[in-house]
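So the structure is just underneath, and the comments pick up after that.
Predicted, not measured: the structure shown is a model, and the values here were computed from it. FYI, side chains are in, hydrogens and waters are out, and symmetry mates aren't considered; it's all heavy atoms of this structure. Naming: A, B, ... by sequence-line order, numbering from 1 per chain.
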Amino acid sequence: MEGSLSTYWFVIVTLMLAVYVVLDGFDFGTGIIYLFAARSDVERRTVLRAIGPVWNGNEVWLIAGGGLLFFAFPKVYAAGFSGFYLALIIVLWLLMFRGLSIELRSHVDHPLWRPFWDASFAVASLLLAIVFGAALGNLLRGVPLNAEGYFFTALWTTFTPGPEPGILDWYTILMGVLGAVILTGHGANYLAMKTGGDLYQRACRIAQVTGWLMAALSVVAILATALVQPALRRNYDAHPVGYAVPLLGVLALAGMLYFRRRERNVAAFLASSAFIVGMLGGAAWGLFPNLLLATKDPAWSLTVYNAATPGGLEIGLVWFAVGISLVITYTVYVYRSFWGKVDLSSLEEGK
Amino acid sequence: MASALVYDRLQFAVTITFHYLFPQLTMGLALLILYLKSRALWTGNRHFNDAARFWIKLFALSFAFGVVTGIPMEFQFGTNWAKFSRYAGGVIGQTLAMEGLFAFFLESSFLGILLFGEKRFGPRVHWFAALMLFVGSWLSGYLIIATNAWMQHPVAYAVGADGTLHLTDFWGLLLNPWLVWQYAHNMTAAVATGSFVMAAVGAFYLLSGTHPAYARTFLRTGVVAAALASVVLIFPTGHGAGRMVFEHQPSTGAAFEGHFHSERGAGIVILGQPNMETMTIDNPLVIPWALSFLIYERFGAEVKGLDTFPRDRWPDNIPLLYYAYHIMVGLGTIFVAIMLTAALLLWLGYLYRARWLLWIILLSAPFPYIATTAGWMTAELGRQPWLVYGLLRTSEGASPLVSSGNALFTLLGFLGLYLLLGLLFIFLAFDIVMHGPAVAGTRKAGAARKPGY
């Protein structure tokens, strides 16, 4: 009984984080292409205006998802966050620079002020996309949990996955690069939906090119994952229906390329989002019931059965149902309010 | 060789202290902005709308710094306090997740409308956005204080088979008696910070002879709100929060007051330095019997001193705790004196010409920040040596495998980064204040300082 409750929470936390990657992912993507896709000051302000009313709300999905993980699976939160100590603190610093760059850039009109924050926005976004990709790589590869349920990994050791891996090895770096490419394309699709003119043309071209690149890299990454962590195949072998999830992702990617060519911007962006959800869903299907795979002894893995809080999960379901309904309402309201291409002339209004 | 625990504690102290400089202003201003927007909507007077727009700029700046410095707080429970997270996550994870779900989404959704939506959605929706920002920020405060109140006075939990805690009673957690007083006291302090800053900006404009109409509005609004908040901070909220401490954390209460030895008819120490060698107060200035009366409403009541409690349950830095508490109370008393005087002169119609008092109001702007920080140090140092009072010691809560070298690395990084952030905030806030409120109908003043991209 307790097992099925904690399974619901596994699904909820996974979905919250998937929504986070889809939503804040396009913020990172726009940041990555910001310096070369948006060249004039007006274009840069257009990009910032396109994500300005939503980026902070997008980031809240990470905070809320993290909070839900904290309460439903305290042992995973404790082990994972302390185990990835340095990487996570660096993520925090990057998130600070990313947020401040967006908010502070246009406060001061000075030839040194704006380029500084422009560069800071682009670099922080790129590094965050790589780090989040590498983080997923770490979850799939497994971490050196000990019998007490803790681990600590250095940023890098020998760059090879093994029982004592670092946060960065060739596999997680590959995943980091894949993450950056996927989010670059995702951000370009978002900008194509939100902008016009030269900026729109450049965004379309970037989305097209990265689309093919992510298809190629995804194949490599899937093969590498099967090599590095064979345990992930177990659920797929036992329940082949699960192949539908990543397959949906592949179809979405094909759809994205198709819609992109036809300049159906909204459909291309939604397909790009579906691709991300499909890939993350495929990873979650392989991981379940594990939340943190142990590399030293599989028995030390933290799972939905041994890492959930021993009570109170049903209390959480009640307020979560209320809360998420409100969240969906606000999110839909805000996206609808700021729907459509960013109007450049509105930048010149008093507001 | 310092252990990782020292750096873990210092890092949390530094990051939370710095973070809370921003939300205390935004929560206080949220109420005052709602007031200005309401007056604008009810009376149709554009002056109040333009006044609100100016404060929305400062609000947005402080909000942005609050957001970016706030994320490290939730993360650090896991990174630096893994054993505590594992032990108590089943309870406090609930309030933290609720804060994200119920408060942060609300704030982030409506901030966009408050900043960009006035023309697009009209005055009613814009007023509604101000209301939602107020509700969201005060709800966020409630849920975070619910978390802290539970650590101060754990309720509504049970111990599971694996030795960790989980929640048994949702409303018990959200209606913790400690929480009610702590929330009331803390939010009043946020109103004090917001209204002192508003009054100080008004005083600054009046003294320098700029924006006279706005200066009067800011000063009037700020002084009235600050006078009310200063009184409520002491009674009933400060008194109520203090009684919770004496009831549930008696050794902490004794340390607040520098009350080393039990006695009947205990006096209250106004000034003096605690001497831990002799267990006395050096150079004491004492009001006799006052402590007994404040706690028990009887002059002869016995107040337990620190000597009643075993040493391993004493807060681990009693002099610092004593000073934090006395700075908070001392400043709070001075606030009442300044703001009641200002309110009196306002009523007599003399405030706008009383330059000596305008100078005092201008210079007093930083002190609510200091008092609030001292107040939180009182709460957090007072809870020591416990992380969860009576259940988990601070020394048992840190991450077991994060070495002191790694913890020091990130502590130094935070110190450097926050120095930069602090300078940036001061520069930008100063810039907004110097440009002043945009005069309705003209585009010149403040045109480049709009909260936009």
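When all heavy atoms of B:Asp169 and A:Ile315 are compared, the closest pair comes out as N-CD1, 4.2 Å. Of all heavy-atom pairs spanning A:Gly57 and B:Phe105, the tightest one is O-CE2, 3.7 Å. The minimum heavy-atom distance between B:His166 and A:Pro310, with the atom names listed, is ND1-CG, 3.6 Å.
A distance of 5.0 Å separates CG in A:Leu100 from CZ in B:Phe65, rounded to the nearest 0.5 Å. In this structure, CD on B:Gln94 lies 5.5 Å from CH2 on A:Trp319, to the nearest 0.5 angstrom. Interatomic distance, A:Asn146 CG to B:Leu401 CG, rounded to the nearest 0.5 Å: 6.0 Å. Of the inter-residue distances, the one linking A:Leu92 atom CG with B:Thr410 atom OG1 reads 9.5 Å to the nearest 0.5 angstrom. The distance from atom OH of B:Tyr87 to atom NZ of A:Lys75, rounded to the nearest 0.5 Å, is 13.0 Å. With rounding to the nearest 0.5 angstrom, the CG atom of A:Leu68 is 6.5 Å from the CG atom of B:Leu101.
For a residue to count as touching a neighbouring chain, one of its non-hydrogen atoms must lie under 4.5 Å from one of that chain's; by this rule B:Pro72 touches chain A with backbone and side chain alike. Interface remark: A:Leu48 contributes backbone and side-chain atoms alike to the contact with chain B (heavy atom separation under 4.5 Å). B:Phe84 does not touch chain A: none of its heavy atoms, backbone or side chain, sits under 4.5 Å away. For chain A, the nearby part of B:Phe427 is the side chain; its heavy atoms alone come within less than 4.5 Å. For a residue to count as touching a neighbouring chain, one of its non-hydrogen atoms must lie under 4.5 Å from one of that chain's; by this rule A:Ile63 touches chain B with backbone and side chain alike. There is no contact between A:Ile90 and chain B, counting heavy-atom distances below 4.5 Å. In this structure, the portion of A:Tyr333 lying under 4.5 Å from any heavy atom of chain B is its side chain and not its backbone. For B:Leu424, the part lying under 4.5 angstrom from a heavy atom of chain A is the side chain only. Of the two parts of B:Leu417, only the side chain, counted from C-beta on, holds a non-hydrogen atom closer than 4.5 Å to a non-hydrogen atom of chain A. Of the two parts of A:Val60, the backbone and the side chain both hold a non-hydrogen atom closer than 4.5 Å to a non-hydrogen atom of chain B. Of the atoms belonging to A:Phe73, not a single heavy atom falls under 4.5 Å from chain B. Using a 4.5 Å cut-off between heavy atoms, B:Phe63 touches chain A through its side chain atoms alone.
Ranked by heavy-atom pairs shorter than 4.5 Å toward chain B, the options A:Tyr330, A:Trp55, A:Tyr85, A:Phe70 are led by A:Tyr85. Among the candidates B:Thr69, B:Leu96, B:Val91, B:Ile113, the residue making the largest number of heavy-atom pairs closer than 4.5 Å to chain A is B:Ile113. Ranked by heavy-atom pairs shorter than 4.5 Å toward chain B, the options A:Pro53, A:Ser82, A:Gly316, A:Ala64 are led by A:Ser82. Each of A:Gly149, A:Gly99, A:Ala72, A:Ala78 has some count of heavy-atom pairs under 4.5 Å with chain B, and the biggest count is that of A:Ala78. When each of A:Phe97, A:Phe84, A:Trp113, A:Phe151 is checked for heavy-atom pairs under 4.5 Å with chain B, A:Trp113 comes out on top. Contacts with chain A were tallied for B:Gly413, B:Pro400, B:Ala407, B:Ala64; B:Pro400 has the most, counting heavy-atom pairs under 4.5 Å. Counting heavy-atom pairs closer than 4.5 Å to chain A, the top-ranked of the candidates B:Gly112, B:Gly100, B:Ser109, B:Gly78 is B:Gly78.
Taking the six-membered ring where the residue is Trp, B:Phe409 and A:Trp93 present tilted rings, their angle falling between 30° and 60°.
The closest side-chain heavy-atom distance from A:Leu104 to B:Leu428 is below 4.5 Å. Inter-residue side-chain proximity for A:Phe81 and B:Ser85 is flagged as unmet; no heavy-atom pair is nearer than 4.5 Å. With a 4.5 Å cut-off on side-chain heavy atoms, A:His107 and B:Ile432 count as touching. Side-chain atoms of A:Phe152 and B:Asn406, non-hydrogen and from C-beta on, do get closer than 4.5 Å to each other.
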Show your working on side chain to side chain contact (heavy atoms under 4.5 Å, CB included) between A:Val327 and B:Phe102 and close with a plain yes or no.
-> CA-CA 8 Å; A:Val327 169; B:Phe102 289 97; over 6 Å; no
Going through the distances and angles, do B:Val67 and A:Glu103 end up as a side chain to side chain contact (heavy atoms under 4.5 Å, CB included)?
-> CA-CA 11 Å; B:Val67 166; A:Glu103 291 302 318; over 6 Å; no
Please assess B:Ser399 against A:Tyr150 for the test side chain to side chain donor-acceptor pair (under 3.5 Å), listing each intermediate value before the final yes or no.
-> CA-CA 9 Å; B:Ser399 300; A:Tyr150 293 102; over 6 Å; no
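Side chain of B:Arg86 to main chain of A:Val76: no donor-acceptor pair is present (N/O by atom type, distance under 3.5 Å, no hydrogens or angles).
Annotation for B:Phe170: atom CZ counts as buried by contact number, over 12 foreign heavy atoms lying within 6.0 Å.
Using non-hydrogen atoms only and a strict 4.5 Å limit, the part of residues 154-163 of chain B facing chain A consists of B:Gly160, B:Asp162.
Every salt bridge (Lys or Arg N to Asp or Glu O under 4.0 Å) that A:Arg98 has, sequence neighbours left out, goes to A:Asp24, A:Glu59.
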